[in-house]
Amino acid sequence: MRRTAQLLAAIALLGACRDEQLPTRIQPLTSPGHTSAETHNGELATLIRVTTPFLRFETAKRAGWSAQITPCMASPEGGMGFHYGNTALIDGSARVEEPELLLYEPDHTGRLHLVAVEYIVPYTAHSRSAAPPVLFGQQFKQNDTFQLWGLHVWIWKANTRGLFAPWNPQVACGLAGGMTAMSH
């Protein structure tokens, strides 16, 4: 897992140094000349590139991820942190380069650290009874509490449960101080 994260970071840095742009749209998994692993690595490199500026919460806020969607979320399975949304992107579509939510974990000083992104598609845009949306070759999961489809990507903090797991045992809300923690 650590080696994969290092490889993806290197891909993103190399891509930023080239004149060519990294792919920004989802490529069909069966496109000629691309294996699914190549496609997913390209998509993950794109995600790293577009979210790097948001490692600083203030930058994310200024760029539109200013709506606090949830308090710091924790469960016996792990944590998610605070969900901050860019409401202009919650339009019923899922694009690699435009995650609707950024997830931040608080530290003991109250500073927020980007740990993951979440792509969401409301049931009003994609029926609960329809086939799940797919991104990175992963099916979105139903979230009836919030009436949406969701897909987490733990791109900035390793998750022993997997890159696309909903909860991360390495994320905690205990340091949120006076901020409210919530589980679902």
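All figures in this text were calculated on a predicted structure; none of them were measured in a lab.
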Can you tell me how far the [atom1] atom of [X] sits from the [atom2] atom of [Y], to the nearest 0.5 Å?
| X | Y | atom1 | atom2 | value |
| --- | --- | --- | --- | --- |
| Leu114 | Leu55 | CG | CG | 5.5 Å |
| Thr109 | Asp107 | OG1 | CG | 3.5 Å |
| Leu102 | Thr59 | CG | OG1 | 11.0 Å |
| Met80 | Cys72 | CE | SG | 11.0 Å |
| Asp91 | Glu98 | CG | CD | 7.5 Å |
| Tyr119 | Ile90 | OH | CD1 | 13.5 Å |

Trp149 and Tyr123 aromatic ring geometry - parallel, tilted or perpendicular at 30°/60° bounds
perpendicular

Provide the full list of ring pair (Phe, Tyr, Trp, His ring centres under 6.0 Å) pairs with a residue in residues 45-80, sequence neighbours left out, each pair given once.
Phe54-Trp65, Phe57-Tyr84, Phe57-Tyr104

Heavy-atom closest contact ([X] atom, [Y] atom, distance):
| X | Y | answer |
| --- | --- | --- |
| Pro132 | His126 | C-NE2, 4.1 Å |
| Leu135 | Ala94 | CD1-O, 4.0 Å |
| Trp156 | Thr51 | NE1-OG1, 2.9 Å |
| Ala172 | Pro106 | O-CD, 4.0 Å |
| Gly85 | Ile69 | N-CG1, 3.6 Å |

When you look at Leu148 and Val121, which way does the side chain to side chain contact (heavy atoms under 4.5 Å, CB included) test go after all the steps?
CA-CA 6 Å; Leu148 55 81; Val121 177; over 6 Å; no

Quick check: do [X] and [Y] have side-chain heavy atoms less than 4.5 Å from each other?
| X | Y | answer |
| --- | --- | --- |
| Trp154 | Thr160 | no |
| Glu77 | Pro169 | no |
| Val96 | Phe136 | yes |
| Leu151 | Val134 | no |
| Asn159 | Gln170 | no |
| Asn86 | Glu100 | no |
| Val153 | Pro99 | no |
| Val115 | Asn168 | no |

Would you check if the side chain of Gln68 reaches a backbone N or O of Thr70 as a donor-acceptor pair within less than 3.5 Å?
yes

Which residues satisfy the side-chain contact (heavy atoms from CB on, under 4.5 Å) test with Glu118, sequence neighbours excluded?
His83, Leu101, Leu103, Ile120, His152

Under the criterion side chain to side chain contact (heavy atoms under 4.5 Å, CB included), I'd like the reasoning laid out for Val171 against Lys157: C-alpha separation, chi angles, the key distance, then a yes or no.
CA-CA 8 Å; Val171 173; Lys157 186 158 192 170; 4.0 Å; yes

Is the NZ atom of Lys61 crowded by more than 12 outside heavy atoms at less than 6.0 Å?
no

